[in-house]
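Quick caveat, the model's predicted, so the values are computed rather than measured.
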Amino acid sequence: MKGNTKKILTFIIIVFGIYFTMPIMLKNYLNLPSWFEKNQIRLGLDLRGGSQLLLQVETQEAINEKLQNLSEDIRVAFEEKKIAINNLTLLNNFIKIELSNKALSKDITDVIAGFKDVNIAIKGDIIELFYSSSFIEGFKRTLLQQSLEIIRKRIDEVGTNEPIIQIQGKDRVLIQLPGLKDPERIKLLLGKTAKMNFRLVDEKAMQSVGEKKYFVGAEVLEDENGFKFVVRKRIGVSGDNLVDASASVDQFNQPVVSIRFDSLGSRKFADLTRKNVGKRFAIILDDSVISAPVIRESIPTGNAQISGNFTFDTANDLAILLRAGSLPAPISIVEERSVGPSLGDDSIKAGSLSVMIAFSLVLIYMLLIYGKIGLIANFVLIVNFMFIISWLIIIQATLTLPGLAGLALTVGMAVDSNVLVFERIKEERKLGRSKISSINLGFDQALRAIIDANITTLIAAVILFFMGSGPIRGFSVTLGIGVLSTIICTMVVSRFLIDYFYSSNKIRELNF
């Protein structure tokens, strides 16, 4: 690398580090512009305080629901083909079909072959249907990813600052909410599947709703006050057709939720209201009736309002749920943990103190062992530290307590690279080589050892990042960034400064 290139890169690295670390150093002393104050490092739950939730995605329930839908589709397909069967039963992870005539098995398997990813097992007069293992695994992965995205949308809609949301294991989602003292509202939002639909109320069946009887094509659902409604099973308009929802007030200044459907939903909603003027239709959320208004007139626009016993907060929360979409599977909270802000402050002080002590001891050691050239190493160490912090800010990495430990470890590793270079330079000088030749050979000979040592550490950091979770990933991020920063600062900044102060100056001698 040529001298001018090293000079330019050194200047860029120093300015880069100062620009991003300045707000952290001066935020308590100066009123900085808002755009400048954005360059702040994100603190994790253990440093800032807040709440942590570990959610279980109930994938088995979603699979059972999919099998239930499959069994209904197969039943309809048999009716269309006029294929008679004795019974069709949904059991644990498979559908059991009892044949009325064994000769029909060929016709039945032909019908079932039209359904993707369904395996067939024939056992005499019994046919068993089940999803393939590869389909189940893929379905679970999709469920988890969809759940993650919807959870993120719901939390972002609330306006929670810098949430950390990530998959943990095969069927869990970890949520960290730094700075959040009361997670109850978040828990209520996350605990609802938010499956909404619009169905007509069966007025005839409502007359005998108090009797314990089975209603054909209908089911009994309750509202929040326990009032029972008999609603038809057939869905008039699905919540999947919603494109927007917002909290507002009606003409009586009461909180309502305004909704808007897409083009398909608008047509269905217009058709439903046009054909059923004077009748009631139920607005159902997660098998609970929100309200059951009477259709006064046809609504062709696809815009409607949901009224009920809402407060402004509950109306806004419902709008958030509907905008974010329904969860593909129910979720449950399996672990909840809170960290107080005072404990977070203590962790910051203890962690920062340990990093500063390590930093100071390294600076003193380099100055005592290598004298004036040690000053250059110390300056490079400071630049390297700022460079690491800058990258943590840019990539929006979250600094945790283990991350601070990674920073302390990086300080020692960074100075180790300079030690390798200086020792090689000393050896070359002892062999009688010139000052310029010793410096060039020192850096060239040390480069391989530096890269080998740091690359192996980088590999370990990458493995920790992808295989670990939570605090382990925080440690691996700071360690990985520190390794890359150390190589760059040693081979660019350190080499430029030594070249500038010693190679280009005949008077200055290398004194170790």
Side-chain angles (χ1 to χ4, degrees), residues 150 153-160 180 182-203 206 209 219-232 235-263 265-327:
I150 292 170
K153 285 181 183 178
R154 291 185 183 182
I155 291 176
D156 288 345
E157 288 271 10
V158 177
T160 305
L180 184 69
D182 183 13
E184 289 304 316
R185 186 184 178 195
I186 297 291
K187 287 163 63 178
L188 288 173
L189 284 175
L190 297 179
K192 293 182 179 178
T193 308
K195 287 188 176 180
M196 174 176 258
N197 54 67
F198 298 78
R199 293 190 255 163
L200 288 171
V201 174
D202 193 327
E203 299 293 353
M206 283 290 290
V209 69
E219 61 180 328
V220 179
L221 298 177
E222 296 182 357
D223 64 9
E224 61 178 7
N225 297 317
F227 187 82
K228 292 181 171 60
F229 292 87
V230 182
V231 297
R232 295 180 184 174
I235 295 173
V237 186
S238 171
D240 294 338
N241 297 118
L242 278 173
V243 292
D244 192 25
S246 59
S248 58
V249 293
D250 60 13
Q251 58 186 345
F252 305 107
N253 204 35
Q254 295 299 310
V256 295
V257 178
S258 299
I259 58 175
R260 181 166 58 88
F261 293 102
D262 59 17
S263 57
S266 296
R267 289 196 300 271
K268 287 183 176 180
F269 193 66
D271 190 53
L272 175 73
T273 54
R274 179 176 54 82
K275 293 179 179 178
N276 297 281
V277 173
K279 298 179 181 179
R280 285 187 294 175
F281 72 99
I283 304 169
I284 300 165
L285 178 71
D286 291 346
D287 296 327
S288 178
V289 177
I290 297 177
S291 62
V294 176
I295 302 172
R296 301 296 182 187
E297 59 183 354
S298 173
I299 305 175
T301 61
N303 297 322
Q305 286 184 342
I306 302 173
S307 59
N309 295 321
F310 292 131
T311 64
F312 288 102
D313 283 341
T314 56
N316 189 53
D317 286 349
L318 177 56
I320 288 171
L321 288 169
L322 297 180
R323 281 199 303 272
S326 61
L327 286 164

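Residues Arg280 and Phe229 share a closest heavy-atom pair of NH1-CE2, 3.8 Å. Summarising the geometry of Ala245 relative to Val257, their closest heavy-atom pair is CB-CG1, 4.4 Å, with the distance given to 0.1 Å. Between Ser238 and Phe261, the closest heavy-atom pair is O-CE2, 4.4 Å. Considering all non-hydrogen atoms of both residues, Thr273 and Ile299 come closest at OG1-N, 3.0 Å. In terms of heavy atoms, Val277 sits closest to Ser298 at CG2-N, 4.1 Å. Across every non-hydrogen atom of Ile320 and Arg154, the tightest pair is CG2-O, 3.9 Å.
When each of Ile284, Ile283, Val237 is paired with Asn197, the side-chain contact (heavy atoms from CB on, under 4.5 Å) condition holds for Ile284 and for no other.
Summarising the geometry, atom CG belonging to Asn276 is positioned 5.0 Å from atom CD1 belonging to Ile295; distances are rounded to the nearest 0.5 Å. Atoms CZ and CG, on Phe281 and Leu272 in that order, are 6.5 Å from each other to the nearest 0.5 Å. Note that CG of Asp313 and CG of Leu318 are 12.5 Å apart. Values are rounded to the nearest 0.5 Å. Distance check, rounded to the nearest 0.5 Å: CD of Glu203 to NZ of Lys279 gives 8.5 Å. Atoms CG and CZ, on Leu221 and Arg199 in that order, are 5.5 Å from each other to the nearest 0.5 Å. Atom CD1 of residue Ile259 and atom CZ of residue Arg323 lie 13.0 Å apart, to the nearest 0.5 angstrom.
Every pair passing side chain to side chain donor-acceptor pair (under 3.5 Å) that includes a residue from residues 242-261 is listed here, sequence neighbours excluded: Ser248-Ser258. Listed by first then second residue, pairs satisfying salt bridge (charged side-chain N to carboxylate O under 4.0 Å, His left out) with a partner in residues 286-296 number zero, not counting sequence neighbours.
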Residue pair Asp271, Lys268: steps toward the salt bridge (Lys or Arg N to Asp or Glu O under 4.0 Å) verdict = CA-CA 5 Å; Asp271 190 53; Lys268 287 183 176 180; over 6 Å; no
key: side chain to side chain contact (heavy atoms under 4.5 Å, CB included) between Val289 and Val201, worked out   = CA-CA 11 Å; Val289 177; Val201 174; over 6 Å; no
Point to revise | Pair Lys275-Leu200, side chain to side chain contact (heavy atoms under 4.5 Å, CB included): steps then yes or no | key: CA-CA 11 Å; Lys275 293 179 179 178; Leu200 288 171; over 6 Å; no
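Applying the side chain to side chain donor-acceptor pair (under 3.5 Å) test to Glu224 and every residue at least two apart in sequence or in another chain returns Asn309.
Ring geometry for Phe198 against Phe269 counts as perpendicular: the plane angle is over 60°, on a 0 to 90° scale with 30° as the lower cut.
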